[in-house]
Amino acid sequence: GEVSVKLVSEVGVGVVAAGVAKAKADHITISGHDGGTGAAAWTGVKGAGLPFELGIAEAQQTLVLNGLRSRVRLQTDGQLKTARDVVIAALLGAEEFGFSTAPLIVLGCIMMRKCHLNTCPVGIATQDPELRAKFVGQPEHVVNYFWLMAERVREYMAELGFRTVDEMVGRADKLQVNESVLHYKSKGMDLSALLTPASELNPDAGTIKTMEQDHELELALDNELVAQAKDALENGEKVVIDLPVTNLNRTVGTILSWNVSKKYGEEGLPDGTITINLAGHGGQSLGFCLAKGVTLNVTGDSNDYVGKGLSGGEIVVKPDEAACEKSGINIEDAVVVGNVCLYGATNGKAFFRGTAGERFCVRNSGALAVVEGVGDHGCEYMTGGRVVVLGKTGRNFAAGMSGGIAYIYDPESRFANRCNMGMVELERLESAEEMDVLKSYIEEHRARTNSSRAATILENWEDEVPCFIKVMPTDYKRVLHERGAAKAAEADSQSASAQQQV
């Protein structure tokens, strides 16, 4: 596999590209301001980013200038439509080219920008059977589009004197400004910096990828985890591992999870088979794609992306109480994990005693998470799972949330102003059954993290339960109602059939 990083084309993107190249990225995508998801806000579609030409030129020049270009492949996207777009992108430094809008148009997309509403009128971005029946696209249409484009790219290459794309990459000296089409306002622009070949800035540096990154996997903490978990991996025996961790240890548990999945498949191991107790500061992406049967307990804190792609494993992060007391930090206000935790999680559990950063549980589709506060954009694009927030949230909570349920502890009645109501509605808990389920989540959180906040809520449960707000996506609620009605009708039909037989 490769480490790929996507960067928005904007001023300064070259410095960021150099940073991720130094951080061992294999592949960098410079994304232009055109194109993007049909679910995006109109202001984002119209106002975010710059043309891909500016970003790819800056990234190419900066990487070459710092001797980093030979380590990474550069890709660009942003509504590339024609062979001319591809050739210009290559001449400015791109080795690869991303297409999405154009192939969608070929398949029949009419750009209604309803991709997130399940109402696509041409049957592309929808699960509605009636709308899907309207889809008329064929694979051959896309193949033909790219075939014709490749032919035209080849013709351009012949005109410019190139035999391969690699020869063409970075040859900005083959580009020139067409003065005849400039507007009177743009005639004064100096594009010489944009069109400067990167090879002139550092003649000894490579201008395309010629070597592989050294990811130093032999130094990964997971090598020790795999060695100590040998009995669990080979025989399914329970093991407990105690180790220190620092923020140099990234993606802790991922190689171990690969070994679990390689032998035991998607089912993984029974819960609690491998328990890893870590003390210190976890690095980025702790528990990335953590497999079922693996539990990570961290006493301390951790960086961004904790539990990204969580796949059945369990993660617990709680502050070091002695360290908090020594430094004078109120443990109730401690920030224990960074941004974008549980991004794209599909299964498993996570308990965080403390506050998480922004974009908590983005695209969560099946995991349970209990946390004591989150930053902006919590549960964005969430499609499944359950989230319990025992504290404050940032703004724009539940933007694009189409599935799953979130429970927010809101004794001050401030949450409604921080929630994006575009696709959700707010409810109070009414059924005793649902209250019991929520209580069980909080009880497990208290047991796993020793949370005093959870203990206080549970001690006064009858008084505190009215303070919880249920964030329910409207479409998800409708689907649950329809399924419940269908199940009830089926039960009635079976009952009637049984009575007739009697």
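Bear in mind the structure is a predicted one, so any value in this text is a computation, not a measurement. When a residue number appears, it is its place in the shown sequence, counting from 1.
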Determine the interplanar angle of the Phe360 and Phe352 rings, folded into 0 to 90°, and report it as parallel if under 30°, tilted if 30 to 60°, perpendicular if over 60°.
perpendicular
What heavy-atom pair brings Leu269 and Ala232 nearest, and what distance separates the two atoms?
CD2-O, 4.1 Å
Between Ser311 and Asn347, is any side-chain donor less than 3.5 angstrom from a side-chain acceptor?
no
Listed partners of Glu216 passing salt bridge (charged side-chain N to carboxylate O under 4.0 Å, His left out), at least two apart
none
Pair Arg73 + Asp26, salt bridge at N-O below 4.0 Å
no
Closest heavy-atom contact between Thr101 and Gln79?
OG1-CG, 3.7 Å
Val252 and Asp222: side chain to side chain contact (heavy atoms under 4.5 Å, CB included), yes or no, with the steps?
CA-CA 6 Å; Val252 173; Asp222 271 54; 4.2 Å; yes
Return yes if a side-chain donor-acceptor contact under 3.5 Å exists between Asp77 and Ser31, otherwise no.
yes
Would you say that Asn297 contacts Leu278 through its side chain, given a criterion of any heavy-atom pair below 4.5 Å between the two side chains?
no
What pairs with Phe415 under ring-ring contact (aromatic ring centres under 6.0 Å, His included), at least two apart in sequence or on another chain?
Phe397
Using the rule side-chain hydrogen bond (donor to acceptor under 3.5 Å, both in side chains), only one of Arg353, Arg453, Glu372 pairs with His445; which is it?
Glu372
Which heavy atom of Lys24 sits nearest to which heavy atom of Val3, and what is that distance?
O-CB, 4.2 Å
Is it the case that the side chains of Asn277 and Asp242 hold a donor-acceptor pair, with the cut-off being a distance below 3.5 Å and no angle test?
yes
Answer yes if the side chains of His281 and Asn247 hold a donor-acceptor pair under 3.5 Å, and no otherwise.
no
Taking atom CD of Glu482 as the centre, does the number of heavy atoms from other residues, nucleotides or ligands within less than 6.0 Å exceed 12?
yes
Lys263 atom NZ, over 12 foreign heavy atoms within 6.0 Å:
yes
Would you name the heavy atoms of Ile124 and Cys109 that are closest together and state the gap between them?
CD1-N, 3.5 Å
